[in-house]
Structures are given as structure tokens and as C-alpha cells.
Peer 1: 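Attaching a single structure in C-alpha cells format; questions to follow.
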Protein chains: 2
Amino acid sequence: MAARPGGTRHATLKDVAERAGVHAGTASRALNPATQGLVSEATVRAVREAAKALDYRPNSMARGLKTNKTFMVGVIVPDLSNPLFPPIVRGAEEVLSRAGYTTIIADTDNDREREGESIAALRARQVDGLLVASASRDDEAVRTAVEQGVPLVLVNRRTESANVPTVTSDDRSGIEKALEHLVRLGHTAIGHLPGPAHLSTGLERARAFRHHMSELGGTLAPELTVECSTYSVDAGAVAARTLLDQAEPTAILAGNDQIAVGVLDVLRERGLRCPEDVSVVGYNDMTFMDKLSPPLTTVRVPHAAMGAEAAQLLLRWLAEGPPAANVLTLPVELVVRGSTARPRAGG
Amino acid sequence: MAARPGGTRHATLKDVAERAGVHAGTASRALNPATQGLVSEATVRAVREAAKALDYRPNSMARGLKTNKTFMVGVIVPDLSNPLFPPIVRGAEEVLSRAGYTTIIADTDNDREREGESIAALRARQVDGLLVASASRDDEAVRTAVEQGVPLVLVNRRTESANVPTVTSDDRSGIEKALEHLVRLGHTAIGHLPGPAHLSTGLERARAFRHHMSELGGTLAPELTVECSTYSVDAGAVAARTLLDQAEPTAILAGNDQIAVGVLDVLRERGLRCPEDVSVVGYNDMTFMDKLSPPLTTVRVPHAAMGAEAAQLLLRWLAEGPPAANVLTLPVELVVRGSTARPRAGG
DNA sequence: ATGAAAGCGCTAACAC
DNA sequence: GTGTTAGCGCTTTCAT
């Protein structure tokens, strides 16, 4: 006989009830901590014992069907292989699982359309709520879901398409700290390679760059900024070549660590040394960024904490309805390593 | 009114049936491709139209309750933040989602006990099958699940506790290639820092090391091998210090890339240069291993393909019962980079 | 070709 | 304190 999916038939609540000599309803009450008080202590014991003996596990589908709650939460990430996202997922998962929720991860592969499909698929699975780490500034899928009342919290990236609880980190302060560091070292010709402007992180960091550069009195020439098409090593390299073809920065502020890695590659390719000829600053502080050559100076973002906070927000929503306070911005920290130094000629 | 979990009430099959002017049973048949032939074409059209109009999404819990199939698969990984595992998950997810399955990821945090809990939790969720990437050689939880007939496929790590379909990569050939490379360069005093022996990868690679070393005529002194307590940078560093205290290897073969990174750190700490003084070889070829200083020579393991193959095996099991062929071993490839060179004195 | 009805395993409203 | 009953949304016999 072929193994039935799920394996050996599981004991059902009725089995437990029969073995304990009570009715299924009573068994249900005995097993549920919330309703356990309505049942005699002796019965509780008997039922518990029977359940243990039969290795009873409540069927969450049946329960969900009845209670209209699945205790499942969907988490949508653009790319699980991007070291940025696993910590977010783990931070969220820890909080959620502690509250009895199971996490379903969907990977959109950085594809806008697949985000919509993922949301739809997860909703079809009757998840109780959604954590979205893949939002773009203009995000139809998120807007639709929010309009339809789906409990949904954004993490890492914001959107302008909907008023929805969001947990991000402080891009402005991150950029400010990075720039302050570079300016203090004596840099004035600072190149900027922001991420795509259709993502909130790309735009906000680019804005912050302009703002703080003019405040700090650095050069703000248009040819010192080249937008990257994606947050990737390759796109970073492409942008770095363009930048170095049209300007002579003594330092480059990269939109994120991947872009910074691309910059490092291009510098090597052109015979430029880092940090002697050009300083480089990344963003995020992914794993192993301290092992690069030179170790990357970068802005550390508390990804796990962001995931955890977003999960908390979602749990609160699930428990008490939509939260009022809508945006949580976590502080970041500049980690100075070997990729930044005083400029050659002293600026 | 508080938003109901899951958002706006979803249209139900009955709603669709009513709108199409048919019975729910008929609507069900019309919507299911398999039973669609039993229904008049006109009805199919009407029902489909009604479904579209109401944005009908079948409730997978209700369906699952009836059919005893959830189209969910659990994937258990030891640590999602370890860059090794996301590719495995993605490879699996791609195959599974194409077949209509949803993936639930559980992270055991490298904790044996939590593996058992994860399996239990996933089974309580009535997943149709399990992909386990966290197995240890002696794995009670896996043994139990298999005995109970749970469709379960191992990936990346084997177990000796149960006869269960497994997809791994060719550890012996990987070690052989690495050793051949080192021996050809002229190394004879080759240190080995295997991963923990309670994991199949740790043991198999250690065995392969001994086997091929004696075949290739290298030194096989006990003080040249130090087992790492875990697959981590820290454990690698600890083991490397021990190794360098008790022997003078001209090359070190690390149990995996994290361990190799630890070795690189310790070499730097002791003023030894890589590869001039000591060559280092890693294992896995995780992201960014080509960006280390020096770029790491390592054995590339096809993680995504392993995940995909494991998923295939599981799907076949789900469709046709337990597969006969039980172990699939994928080929690996040595990637030579800058961390290996001829030894100082010529060996 | 379609309607009727039973029931998956569970919970909750209602008896007693 | 416990049994009874109904029903969550769906599939699937069984009639017709």
C-alpha cells in the first residue's frame, strides 16, 4: 500500500474523545487552553492522556476552516539568495513562531508581476497576514491588497501606493553618517551610485545624498551621480565604469554592498587602489563584507530587528485591528573599515 | 469594523454557483480541469465567467480537508542565513511551485531538537511531504518520520538512521580534485579541517581526505587534521589555531567556505601570507568567495540543482509512491582562484 | 448533464 | 460540566 500523503493516518479528535470516554466537543474544550476551564479537571486529564497516547495533533486545516484563521503568515521577498533578506525573514519568523504562526516565504525573483502572483497565491492559502519586503514605490499589488483589507506590513522598502504600516531603517541618517565620514577625511569629489529610483531605498538615499552633500559643502555635480539599474554587483560595475569615465571622484558612496563590490571590481580592473586612490562606502553590511579586500566601510542596517518589528506590527494588527502609528524607522550605524581613507592629494 | 483576517470576505464556491445559476457541485466540477468533461460546455463557460467576475479563489483549506492533500511541502534548513541554503530552497521552490505546491520553510537554527519540532509542526500543518537539508548522520526525528510513512527526501546531508531518498553532491570527488590540485602544486604537508563528524558531509569529506591522501602519497599525520565543532568562521578559526600550533602545513583543506574564511583570518593574525606561506581550499563556493583576499579556491557544489532534484524526487514520491532509486549524487567542480599556489620551498 | 446529500476534522452556540 | 448540533467550503458519491 502506498504511503498516504502525510504518512500514517493521524489520530483525530474523535479518536481521542472515544478513548477518553467523552464527546468530541468536550475533548476539544479540554485540549484548548482557553476553554479548558469549562471542563472538569478529571476530564482534562483523561483527554490529555488519550491525546498523548494516540499522538494526537489537531488538524490545522479543519480548525482553520471553522475559525477562519490559519495562523499562517506570508512573507514576500524579492530574492532569498540576496544575503540581505534571510536575516529579515529570520527576525520575523522568530517573533511569528513564538506567537504560534507559521511563515510561508515567497520569492518574487525581483519580478514585479510575480509579487502580485505571490500575494494572490498566499491569499488563496488563507494566510492571516502578509509581510512584504519587495515593495516598490509604485506598487499596484500592495495597493490592491491593502484596499481589500488584507493585514499587511511592509519591511525594508516603503511604498507610496498605500498607507500601510512600514518598518524601515533610517536612510537619511545612514547617508549622512557615511558622508560625514568621507567629508571629515577630506573628500569633496564624492561619487554616488544610488540604487534604482523606483525603490524607496534608492530614491531616499539619493535624496539624502543631495541634501547632505550641499549641507556639508561637497561638490554636487550631476556627473558624480550614476543610478544603478538594479541592486547587483553587475549593475554596480556598469555604473562605476560610467562614473569613472565621466568624473574623477576620490570617494564613491554605493547604493548598497553589492554595488560596492562591483565598484571594487572596477577599481581593480582600472588599476585604481582602494582606499589609496578611491575610497568606497557600501550600505547594509551583509555577511562577509568585513572579509573583502579591503574590508568594506559600510552602513549597518539592523535587518533582523526590522523583520522582528514588522512581525510585531502585523501581530498587533491581527489582534487589535489596523495599527495607528504607521512607520517605524530603525537607527543605523556606520561601520568604518579599510575601504575608506584620506584622499591622495588631501582633497 | 475590524478587517477580518484575510481581508474582504472571499467569494465562495456557492456564490459562484448561484451567480451561474447552478448547484455548487456542478460549479466544482466545472472549475476542476479533471472533472470538467462531465459538464456541458455552456455551464463551464457560465461558471468560469461567474468565478472571474467574483474573483473566486478556492479555499485551499476546505479543499485540503476534503481531499486530504494540502499541496504544501515543508523544507527544513539548519540556517537560512548560511548562504549555502537559500539556493537549495530556491531550486526546490521553483520545481515545487511549478507543480502547484507551496513551500513552507522551517529554520532549525542548527539545533537538533528544533529539527524534531519543525517536523512535528509541519506535519501538524498536514504538509504533503518534507525536504530536509538539516539531517545529521544519527537523526532520530528523520527516522521516526520515515517510519511513519511521511514522504521525505533528504538534500545536502545524508543520514544513516533511515533508508530515505537523498540528493547530495560528490564529496569524494570534490576532495579528490582539491587534493590533486594541491599535490600537483607540490604540497605534501596538507592540513585538513573537516566539519563535524556527526554530519555526513563532515565524515565523508574526512574519509575522502584520508583515502586520497594516502593514494596521492601525501603526509597523513594525525596532527595535520583538526575537526571543527561546527561549520562556522569561528570554529574554523579555532581549529586553524590548533592546527598551526601542532603542525606546519603548507596547505590547508577546509571543511567548507566558512571554515576557510576562519583559516584566512588566523593566517593573517599570525603574519602568514596566503597563498605564499599557506595555500587554502574551501568547499561549496558560496557567494562572494571570489571576492575574498585572496579569492578563494574552492569546490563548487550545485546547490540549486540539488534542491531542484530533491523536489523532483519528492514530487515523484507524492505521485507514484516511494521511489526505488534512493541516492542521487551530483558532480562537483574545483574552482581554482588565488588562495592556492606552489609551496615556499617547493614541498 | 446536473442536483442532492454526505462528510472531511474541528469549534462554538445551545441545550440539559 | 458535558452532550448535541450545526456548519466552515469544498469534493464526491449517488440519484435522476
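Keep in mind that the numbers below use all heavy atoms, side chains included, and drop hydrogens, waters and symmetry copies. Throughout, a chain's letter reflects where its sequence line sits, starting with A, and its residues are numbered from 1.
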Peer 1: A:Asn32 has an atom CG; how far is it from atom P of C:dA12, in whole Å?
Peer 2: 7 Å
Peer 1: How many whole angstroms separate atom NZ of A:Lys14 from atom C1' of D:dG3?
Peer 2: 14 Å
Peer 1: Which residue lies toward the 5' end of DNA chain D, A:Thr67 or A:Leu38, if each is placed at its nearest nucleotide?
Peer 2: A:Leu38
Peer 1: Check for a donor-acceptor pair, side chain of B:Asp107 on one end and backbone N or O of B:Leu80 on the other, with a separation under 3.5 Å.
Peer 2: yes
Peer 1: Any side-chain heavy-atom pair from A:Asn59 and A:Thr12 closer than 4.5 angstrom?
Peer 2: no
Peer 1: Take the protein atom CG of A:Leu65 and the nucleotide atom P of C:dC8, then report the distance between them rounded to whole Å.
Peer 2: 13 Å
Peer 1: Compare all side-chain heavy atoms of B:Leu31 with those of B:Tyr56 and state whether any distance is below 4.5 angstrom.
Peer 2: yes
Peer 1: Separation of A:Arg63 atom CZ from C:dC8 atom P, in whole Å?
Peer 2: 18 Å
Peer 1: Pick base, sugar-phosphate or nothing for B:Ser40, based on heavy-atom distances below 4.0 Å to the nucleic acid.
Peer 2: sugar-phosphate
Peer 1: Counting any heavy atom closer than 4.0 Å, what does B:Thr43 reach on the DNA or RNA strands: base, sugar-phosphate only, or nothing?
Peer 2: sugar-phosphate
Peer 1: So, OP1 or OP2 of C:dT2: does either fall under 4.0 Å of a side-chain N or O from B:His23?
Peer 2: no
Peer 1: From the set D:dT11, D:dG3, D:dC10, return the single nucleotide nearest to any side-chain atom of A:Val22.
Peer 2: D:dG3
Peer 1: OP1 or OP2 of C:dT11 versus the side-chain N and O atoms of A:Ser28: is any pair under 4.0 Å?
Peer 2: yes
Peer 1: Is any NZ, NE, NH1 or NH2 atom of the basic residue among B:Arg98 and B:Glu94 found under 4.0 Å from an Asp or Glu carboxylate oxygen of the other?
Peer 2: yes
Peer 1: Quick test of your reading of the model: are A:Glu93 and A:Arg90 salt-bridged, counting only N-O distances below 4.0 Å?
Peer 2: no
Peer 1: What is the separation between atom CE on A:Met61 and atom P on D:dT11, rounded to the nearest whole Å?
Peer 2: 13 Å
Peer 1: Have a look at the helix from C:dA1-D:dT16 to C:dC16-D:dG1 and give the angle its two end axes make, five pairs each, rounded to 10 degrees.
Peer 2: 40°
Peer 1: Is A:Thr12 close enough to C:dG9 that one of its side-chain N or O atoms is under 4.0 Å from OP1 or OP2 there?
Peer 2: no
Peer 1: Find out whether B:Leu315 and B:Tyr101 are in side-chain contact, i.e. whether some heavy atom of one side chain is under 4.5 Å from a heavy atom of the other.
Peer 2: yes
Peer 1: Can you tell me how far P of D:dG7 sits from CG of B:Leu13, to the nearest Å?
Peer 2: 18 Å
Peer 1: Measure CZ/A:Phe71 against C1'/C:dT11 and give the value in whole Å, please.
Peer 2: 13 Å
Peer 1: In whole angstrom, what separates A:Asn59's CG from D:dG9's P?
Peer 2: 16 Å
Peer 1: If you check every side-chain atom of A:Arg29, which of D:dG9, D:dG3, D:dT12 has the closest atom?
Peer 2: D:dG3
Peer 1: Is A:Ser134 close to A:Glu115 at the side-chain level, that is, under 4.5 Å between some pair of heavy atoms?
Peer 2: yes
